[in-house]
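Keep in mind that what you see is a predicted model, and the values were worked out from it rather than measured. Numbering of residues begins at 1 and proceeds along the displayed sequence.
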Amino acid sequence: MTDALGAPPTLEAFGWTAELALAHAPHAALGREPARVVGEDRGRYDVVSASGEGRAAISGRFRHEAANDPSAYPAVGDWVAIERADNGDTTIHALLPRRTALIRQAPGKRTEAQVVGANLDTVFVVASLNRDLNPRRLERYVTAVWESGAEPVVLLSKADIGADLEGITGKVAGVAAGATVLVVSSFDGRGVEEVRQRIGVGRTVAFVGSSGVGKSTLLNRLAGEERALVREIREDDARGRHTTTRRQLHLLPGGGLVLDTPGMRELALWDSDGLDQSFTDIDAIVERCRFTNCRHTGEPGCAIAASIADGSLAPGRLESWQKLVRETRHQERRVDALARAEGRRKWKAIGKSVRTHMNAKYGKGGG
């Protein structure tokens with residue numbers, strides 16, 4: 001990577017701060033340098049440090065300590081402590097503390113956290129103004145971003161298709177939970193400058209959303225060149241397709257970094273922290289219920305029922321809130337069960353190790 005003048009960028013251009021330097025100090029004492037993960041592919045990582053770019057692998061000790069927790073491994077956007085060998089091999093020895101992390105339940109049946117991106121300042125939730133626009137999915141994405149610690153911004157892309165922009169924007173703002181809503185078009189440039197102004201030097205943003213909503217096209221427009229390959233969308237296929245197959249961090253010519261992600265049609269929340277931010281309107285209504293343990297299923301004095309009746313609360317938004325509450329409670333039970341199982345395996349392994357040691361020292365008969 002190079003800056004606009006062709007010179008190698010500084011660590012500060014990639015978001016390096018005094019706080020990170022303090023966290024890295026113990027590793028610096030061991031001769032390791034800081035680097036940022038800008039790409040990941042099959043267990044190997046693309047990293048950028050003051051000494052240049054390269055491919056890196058995690059150390060055996062790192063792998064042992066991370067064990068079976070995928071979220072403990074580096075993700076794109078993470079800062080790590082690396083060591084370069086004389087033969088050019090680069091090893092990641094440690095992960096520096098994350099400031100923010102966009103996490104979802106990994107696809108599949110296993111209970112695992114998947115880090116979509118780390119140390120993000122802003123996450124742009126991109127939704128196309130064609131048939132892809134789904135308010136319930138937007139609520140889920142915005143909730144996940146609030147949960148991450150980053151700022152959510154909703155981007156309604158493909159504004160050039162001639163949709164009812166004012167009407168759609170109003171509806172989206174109603175479910176965006178206080179997030180800014182911007183209308184953009186990579187075709188005619190509408191709203192692109194507003195997006196660019198939110199990506200400053202040293203800041204890291206991400207584009208998330210379903211396939212074909214225009215994330216990669218917008219990245220190319222911001223970069224002034226083709227960073228991500230894009231396929232045309234057929235008129236009979238509103239979902240669209242693009243060729244982004246992995247998460248990658250791109251340094252823009254004017255400063256700032258953009259994380260481009262593959263399309264995600266499935267976004268299962270990892271915990272419930274973001275619900276409070278995403279559904280402040282419902283929380284305010286719940287506080288007006290006559291009974292503190294109101295289940296909102298027809299109890300007398302239920303403010304939720306009254307709001308549905310007078311039209312101030314849309315039934316679809318209530319259903320979405322109830323679904324996400326059920327989902328996060330189920331997820332919490334799954335995580336608690338996993339933690340208990342891991343604890344049992346840990347103590348079983350410790351007990352086996354102790355017995356092996358005692359048998360070797362004293363024989364099977366004990367002392």
Side-chain angles (χ1 to χ4, degrees), residues 15 76-77 99-104 116-130 132-160 163 165-166 168-186 188-223 228 244 247 249-250 252 254-264 267 269 273-281 320:
V76 178
R99 182 167 46 83
T100 64
L102 181 59
I103 302 175
R104 68 168 179 169
V116 177
N119 298 306
L120 305 172
D121 296 290
T122 300
V123 176
F124 293 103
V125 179
V126 188
S128 172
L129 284 163
N130 62 16
D132 178 81
L133 187 60
N134 183 321
R136 304 285 81 84
R137 188 185 302 147
L138 278 177
E139 286 175 332
R140 183 176 289 267
Y141 271 104
V142 171
T143 299
V145 177
W146 280 125
E147 188 177 285
S148 76
E151 176 196 9
V153 174
V154 176
L155 294 185
L156 300 179
S157 65
K158 306 182 183 179
D160 51 275
L165 297 182
E166 186 175 346
I168 294 176
T169 302
K171 291 180 181 178
V172 170
V175 301
T180 300
V181 180
L182 301 178
V183 175
V184 298
S185 169
S186 297
D188 62 23
R190 194 179 327 179
V192 173
E193 190 57 35
E194 289 181 85
V195 175
R196 194 189 311 274
Q197 289 173 2
R198 294 172 178 269
I199 311 172
V201 175
R203 286 177 56 82
T204 305
V205 306
F207 293 153
V208 299
S210 303
S211 295
V213 295
K215 302 188 302 295
S216 297
T217 306
L218 181 56
L219 167 62
N220 291 341
R221 180 92 186 204
L222 290 166
T244 299
R247 300 177 188 90
L249 203 58
H250 300 268
L252 298 183
L257 300 113
V258 174
L259 171 61
D260 188 27
T261 65
M264 295 185 294
L267 183 66
L269 301 182
D273 290 349
L275 284 175
D276 292 340
Q277 286 280 70
S278 295
F279 292 89
T280 54
D281 55 338
S320 180

Task: Criterion side chain to side chain contact (heavy atoms under 4.5 Å, CB included) on T100 and L102, from CA distance to verdict - done: CA-CA 7 Å; T100 64; L102 181 59; over 6 Å; no
Task: Test log, rule side chain to side chain contact (heavy atoms under 4.5 Å, CB included), inputs L155 and L218 - done: CA-CA 10 Å; L155 294 185; L218 181 56; 3.6 Å; yes
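For T204, the side chain to side chain donor-acceptor pair (under 3.5 Å) partners two or more places apart in sequence, or in a different chain, are R36. Listed by chain and number, the residues in a side chain to side chain donor-acceptor pair (under 3.5 Å) with E193 are R196 (sequence neighbours excluded). By the salt bridge (charged side-chain N to carboxylate O under 4.0 Å, His left out) test, R190 pairs with D188, sequence neighbours left out.
Side-chain atoms of K215 come within 3.5 Å of backbone atoms of S210 as a donor-acceptor pair (strictly under, hydrogens ignored). One N or O on the side chain of T261 and one on the backbone of F207 form a donor-acceptor pair closer than 3.5 Å.
The shortest side-chain heavy-atom distance between P152 and V123 does not fall under the 4.5 Å cut-off. L219 places a side-chain heavy atom less than 4.5 Å from the side chain of L252.
Using a 4.0 Å cut-off between charged nitrogen and carboxylate oxygen, D121 and R198 do not count as a salt-bridge pair.
In this structure, OG on S128 lies 4.0 Å from NZ on K158, to the nearest 0.5 angstrom. Rounding to the nearest 0.5 angstrom, the gap separating the CG atom in L120 from the CG atom in L249 is 8.5 Å. Separating the CZ atom in R203 from the CG atom in L257 is a distance of 11.0 Å, to the nearest 0.5 Å.
Looking at every heavy atom in both residues, V192 comes nearest to S185 through CG2-O, 3.7 Å. Closest approach of V116 to L259, counting heavy atoms only: O-CD2, 3.8 Å.
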